[in-house]
2 protein chains.
Amino acid sequence: MPATERRELILEAAAKVFGERGYVGATTDAVAREADVSQPYVVRMFGSKAALFEAVLTRSLDRLLAMFRDAAAAFEEERATDPETELALCIGRNYVDLLRDRGILLSLMQAFMLGADPEIGPVARAGWMRVYRCLRDEIGLTSEEVVGILDRGMLINTLVGLRLAADWDDPDVSEMITTAMPQKAGIVRALADERG
Amino acid sequence: MPATERRELILEAAAKVFGERGYVGATTDAVAREADVSQPYVVRMFGSKAALFEAVLTRSLDRLLAMFRDAAAAFEEERATDPETELALCIGRNYVDLLRDRGILLSLMQAFMLGADPEIGPVARAGWMRVYRCLRDEIGLTSEEVVGILDRGMLINTLVGLRLAADWDDPDVSEMITTAMPQKAGIVRALADERG
DNA sequence: AGAGCAAGTAATCATTCGATAACCACTCCG
DNA sequence: CGGAGTGGTTATCGAATGATTACTTGCTCT
């Protein structure tokens, strides 16, 4: 297999493992197992675990920003036929699609929680502000609108990190997920089922 | 020093270290150093690192719920003179006070991100739902109102985890913090300054 | 054929970290 | 005095983990 393709497989596996266990808790061996290669190969391909994590973060961030741009484009198109539609709804739809690859959002979230780390912290803050500026300058939202998007996003990320949907039987759990994600609770539940 | 007092000191130190580095990244040695005791003492007092983390989580959760109850009481009192006041504002005021002990909110947040862990996950989910039920049943909010409180809370927790206020010089950073925490941006900035 | 390179693996090393064991100091009490 | 309980410490061990080295395999191009 060509190295570029293998690289993408490893990045995908790494995003999942980093998202589940956090930066320190994730082992290069677990990433290797998930990608079905040997542990030394993972380390040598990226140079170090830290470099692998940064590669995962830039990849995740690129996907997230691309999602926002896609959602904004879909919103513009949709508004032609339905002038009542809202951008937040379009973003919400596309956001849930990102959840299918849980690693993208959770690995970012794990980085955000390590702001005190002298190496990860600056990278995480820069990534966060790229999101803010994308929404404000490219999509053209006010700072209040951006914050309104981000806070619901952080709640959803937390619920995903919690694996709260695993307790869907609890009526309080289903109520809270349904309230937080009105349009997409069904999909979230299905994803939780199929992945335990 | 009596053991109960030492225990509280260690819990405080542990909350800070767990909040900064995450569960796996935090070492019992770092906790011990922060509490100014030896590493084996920390381990023996709580039995294991995992037991220490759970003790930190219950303590943090108790403080958080107590804060919500205090805020609700303050709201009732305040409404007598100002019928326009809002519960969210009262909670916001008290929430920022909790930030003075950053470990409380961040150690909880770190636990929420480990929902996939077979040991921490169930504890984290149970803790989260205690928060939800407290706000809904004791404070008497609708599920929509609870979610409205929680999502802004998760955004603030993320900003604190990021140590975003460290980049206050960046005008985009100050704009976004001020937008997310209109009443308390000044305090946040001061806290960031005094603690680096 | 065989040189050369790309894509990997097996074996191993040095550190780090949680945990354990053994020991020390002080105070209180008979 | 002496011993027992309380509040600690120093020394050390074993497992886990990131990294390194050296080897193997298979393809391609003269």
Side-chain angles (χ1 to χ4, degrees), chain A residues 1-57 103 107 110-111 113-114 116-121 123, chain B residues 1-57 103 107 110-111 113-114 116-121 123:
Chain A
M1 181 181 301
T4 64
E5 192 173 336
R6 186 71 78 183
R7 187 186 151 94
E8 178 58 24
L9 284 180
I10 293 178
L11 280 174
E12 213 169 304
K16 176 177 175 185
V17 175
F18 280 125
E20 281 179 356
R21 309 194 194 182
Y23 171 61
V24 185
T27 67
T28 55
D29 189 66
V31 172
R33 237 182 272 272
E34 186 77 28
D36 215 52
V37 293
S38 68
Q39 178 262 338
Y41 189 61
V42 171
V43 171
R44 222 189 18 184
M45 171 164 274
F46 292 89
S48 69
K49 182 184 173 180
L52 170 60
F53 189 51
E54 290 197 24
V56 166
L57 293 183
S107 58
Q110 295 282 4
M113 288 308 297
L114 294 181
D117 184 280
E119 311 208 330
I120 298 175
V123 177
Chain B
M1 182 181 299
T4 64
E5 193 174 336
R6 186 73 77 182
R7 187 186 151 96
E8 178 59 23
L9 284 180
I10 294 178
L11 280 174
E12 213 169 305
K16 177 178 175 185
V17 175
F18 280 126
E20 281 179 356
R21 309 193 194 182
Y23 171 61
V24 185
T27 67
T28 55
D29 189 66
V31 173
R33 237 181 272 271
E34 186 76 27
D36 216 52
V37 294
S38 67
Q39 177 262 340
Y41 189 60
V42 171
V43 171
R44 222 190 19 185
M45 171 164 273
F46 293 90
S48 69
K49 181 185 175 181
L52 170 60
F53 190 51
E54 291 199 22
V56 166
L57 293 182
S107 58
Q110 296 281 4
M113 288 308 297
L114 294 181
D117 184 281
E119 309 207 333
I120 297 174
V123 178

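Computed over heavy atoms, backbone and side chain alike; hydrogens, waters and symmetry mates excluded. Numbers restart at 1 for each chain; the letters A, B, ... are given by sequence-line order, proteins then strands. Quick caveat, the model's predicted, so the values are computed rather than measured.
- Atom C1' of nucleotide dA7(C) and atom CE of Met45(A) are separated by 9 Å, given to the nearest angstrom.
- A nucleotide of DNA chain D counts as in contact with chain A when one of its atoms lies under 4.0 Å from a heavy atom; the first and last such, 5' to 3', are dT17(D) to dA22(D).
- In this view, Asp29(A) and Arg33(A) satisfy the side-chain hydrogen bond (donor to acceptor under 3.5 Å, both in side chains) rule, not counting sequence neighbours.
- Residue Ile120(A) comes nearest to Ala111(A) through the heavy atom pair CG2-O, 4.2 Å, listed as atom of the first residue, atom of the second, then distance.
- Between Ser107(A) and Ala15(A), the closest heavy-atom pair is CB-O, 4.0 Å.
- Within residues 30-43 of chain B, the residues approached by DNA chain C to less than 4.0 Å at the level of any non-hydrogen atom are Gln39(B), Pro40(B), Val43(B), in residue-number order.
- In this structure, Thr28(B) reaches the dG18(C) phosphate: one of its side-chain N or O atoms is under 4.0 Å from OP1 or OP2.
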Pairwise N/O distances under 3.5 Å, protein to nucleotides 22-29 of chain C:
none

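- For Val24(A), the side-chain contact (heavy atoms from CB on, under 4.5 Å) partners at least two apart in sequence or on another chain are Val24(B).
- Put simply, the side chain of Ile10(A) reaches to within 4.5 Å of the side chain of Tyr41(A), judged on heavy atoms.
- Within the structure, side-chain hydrogen bond (donor to acceptor under 3.5 Å, both in side chains) contacts touching residues 47-56 of chain B (residues at least two apart or in different chains) do not occur.
- The shortest side-chain heavy-atom distance between Val37(A) and Met45(A) does not fall under the 4.5 Å cut-off.
- Here the straight-line distance linking atom CG of Leu57(A) with atom CZ of Phe18(A) works out to 8.5 Å at 0.5 Å rounding.
- Sorted by residue number, the members of residues 2-26 of chain A with any non-hydrogen atom under 4.0 Å from DNA chain C read Pro2(A), Ala3(A), Arg6(A).
- For the side-chain hydrogen bond (donor to acceptor under 3.5 Å, both in side chains) condition, the pairs that include at least one residue of residues 7-27 of chain B, sequence neighbours left out, are Glu8(B)-Arg59(B), Glu8(B)-Arg63(B), Lys16(B)-Glu34(B).
- The shortest non-hydrogen separation linking Val17(B) to Ala26(B) is CG1-CB, 3.6 Å.
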